[in-house]
Chemist: 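This is the structure, below, for whatever I ask next.
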Amino acid sequence: SNGDSSPPDSDLEHLSENICKSHLETCQYLREELQPSNWQTVLQTDLDTYQKKSQEDMWQLCAVKVTEAVQYVVEFAKRIDGFMELCQNDQIVLLKAGSLEVVFVRMCRAYNSQNNTVFFDSKYAGPEVFKALGCDDLISSVFEFAKSLSSLQLTEDENGLFSAYVLMSADRSWLQEKTRVEKLQQKIKLAMQNLLQKNQRDEGILTKLVCKVSIIRMLCHRHMEKLSAIRALYPEMVQTRFPPLYKELFGS
Amino acid sequence: KEKHKILHRLLQNSSSPVDL
């Protein structure tokens, strides 16, 4: 192409529509399904059940839920124009590094700021539900992040574009065609900028969103730390009881 | 390919939104 001329608006419009459609098709729970009024919050009886679980059982339950969510993110990526045109190595690298990041972005859709609960296991659950994991610090950081991102009140389209932006991070290690990913991420960022302007969002929201990326990465890093700590405690557990996709993504 | 068999398979198979 002739240097870095920014893509025509029609290209950006088309990419924006493609990503928003992909998001709605693969968002796992539709917005209306997630209405807190549709779901009960975890009752004391349930709470006792969760808190009485062994650390291994609770880790296994959460690993299964994370893996379910990640599969929807893989389908989201496949539907984004340009992703399947990347070389297979880069598709794998972006998903391995970014799928859990996108799950954290999507989680704010399933967060109820009224009572600091998140949709989990068909109920709205607070941080205390996850006590048996033995990761209270990480769990409270995750809820804090969900609270802060949901306070931006992103529309579905904005959430979809931000998810795509996070996924197509060109600074991932081991990318073979870094420039191609950079161009794709830049296009997505411009499309996101256009959408935020169209939605008359306040000036600083794009900067706020880009700043959230470092927090998302810190959460993913701490997830890996907790995983290696639990694996040191129960070496067999991850191998025998966690979903294969979870092991493939986070095992090494 | 060996290390990421499942991801490769998910990327290859064309699943419709219904499957999701």
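Letters go in sequence order (proteins before strands), and every chain restarts at 1. Only heavy atoms go into these numbers, but all of them, side chains included; no hydrogens, no water, no symmetry mates.
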Chemist: Under the 3.5 angstrom rule, does the side chain of A:K96 hit a backbone N or O of B:H4 as a donor-acceptor pair?
Modeler: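 Pair absent, no side-chain N/O of A:K96 close to backbone of B:H4.
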Chemist: More than 12 heavy atoms of other residues, nucleotides or ligands under 6.0 Å from CD of A:Q35: yes or no?
Modeler: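 Yes, the 6.0 Å shell around CD holds more than 12 heavy atoms from other groups.
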Chemist: Quick one: does any side-chain atom of B:K5 pair with a main-chain N or O of A:E248 as donor and acceptor, under 3.5 Å?
Modeler: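 Answer holds: no.
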Chemist: For the residue pair A:K78 and B:L10, what are the closest heavy atoms and their distance?
Modeler: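 Looking at all heavy atoms of both residues, the shortest contact is NZ-O, 2.5 Å.
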Chemist: Does atom CD of A:E32 have more than 12 heavy-atom neighbours, drawn from other residues, nucleotides or ligands, at distances under 6.0 Å?
Modeler: yes
Chemist: Can you name the closest pair of heavy atoms from A:L245 and B:I6 and give their distance?
Modeler: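 Heavy-atom minimum between the residues: N-CD1, 3.5 Å.
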Chemist: For atom NZ of A:K21, is the number of surrounding heavy atoms from other residues, nucleotides or ligands below 6.0 Å larger than 12?
Modeler: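 At most 12 heavy atoms, drawn from other residues, nucleotides or ligands, come within 6.0 Å of this atom.
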Chemist: In terms of heavy-atom pairs under 4.5 Å, which option from A:L95, A:V70, A:N89 contacts chain B the most?
Modeler: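 Maximum pair count with chain B is reached by A:L95.
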Chemist: How close do B:L11 and A:M84 get, counting heavy atoms only, and between which atoms?
Modeler: O-CE, 3.3 Å
Chemist: Is the number of heavy atoms from other residues, nucleotides or ligands within 6.0 Å of NZ (A:K198) greater than 12?
Modeler: no
Chemist: What distance do B:L7 atom CG and A:Q91 atom CD have between them, rounded to the nearest 0.5 Å?
Modeler: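 CD of A:Q91 is found 10.0 Å from CG of B:L7.
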